[in-house]
Each structure stands twice: as structure tokens, then as C-alpha cells.
J.: 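After the C-alpha cells below, expect a handful of questions from me.
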Amino acid sequence: MSRNAKINTLLLLLVAALAVLPLALGLGEGKEEPFAGADAQAEAAITELKPDYEPWFSPLYEPPSGEVESALFALQAALGAGVLAYYFGVRKGRRQGLAQAERQPATAQATAPATAPEA
């Protein structure tokens, strides 16, 4: 296994541990939903401080359930990851293409048969 493969495997295991350990160990703030989103926590804090608060506007689309909301969020994350992966793939392909184009003329001249000058 190459050095880069070992580093990538170690980083992948570290990310998996960071994602799974808090859930497995029950870490959080001891609430009913310890890993609630920032929106829900902000809403709870606002209603606690000022119960008669009226929001300025309402959402354009309210998902019918938490599962649908989670699925839409996952879809958004997957699309964003796909766009980033495409961008970095195109950049790497262009860089490799330029490097190959720079090498190719030099090797083509070195292997080309010598021709006699025409008179």
C-alpha cells in the first residue's frame, strides 16, 4: 500500500470516527434532541426570550415531515459534492492535458526521423 493510500485510509477512518462516536456515546446537551439543527435551537431561544414574537415571513415550502426535509437536505449536499467533484476533476484533467501537451512535442521531435533538406 502506498503512502498516499495509507494517509487517505487513516483520514477516512478519522472522519468516520468523528461522525459515529458522538452518536454512539450519546454525547450532546442532554436534551430530547441533542443534535437538533441551529434553526430549531434559535427558534426555541427566541420563543423563550420573547413568546409573542411574530416572524417576518414564512418559508416558501414547508416539507410534510422531518424525513422529507432530511432527504432534501441530503440531496442538496449530494448535488453540491457532485459539482465540486466535477470542478476539481476538470481542473486536474486540464492540468494533466497541459503537462502531456508540453511533453509530447519534445518526445515527437526526438523520435522523428531526420529528413534531408530540400534543395
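For the single chain, residues carry numbers from 1 onward in sequence order.
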J.: Pairs in or reaching into residues 72-96: which pass side chain to side chain donor-acceptor pair (under 3.5 Å), with residues at least two apart or in two chains?
T.: none
J.: Which side-chain N or O atoms in residues 44-55 pair as donor and acceptor under 3.5 Å with protein atoms at least two apart or in another chain?
T.:
residue	atom	partner	partner atom	Å
Thr47	OG1	Glu43	O	3.0
Thr47	OG1	Ala44	O	3.0

J.: Identify all side-chain donor-acceptor contacts of residues 1-13 below 3.5 Å with residues at least two apart in sequence or on another chain.
T.:
residue	atom	partner	partner atom	Å
Ser2	OG	Ala5	N	3.3
Asn8	ND2	Asn4	O	3.4
Thr9	OG1	Ala5	O	2.8

J.: If you link I, L, V, M, F, W and Y whenever their side-chain heavy atoms are under 4.5 Å apart, who else ends up in the same group as Leu75?
T.: Leu79
J.: Side chain to side chain donor-acceptor pair (under 3.5 Å): which pairs involve residues 56-75, sequence neighbours left out?
T.: Ser65-Glu67
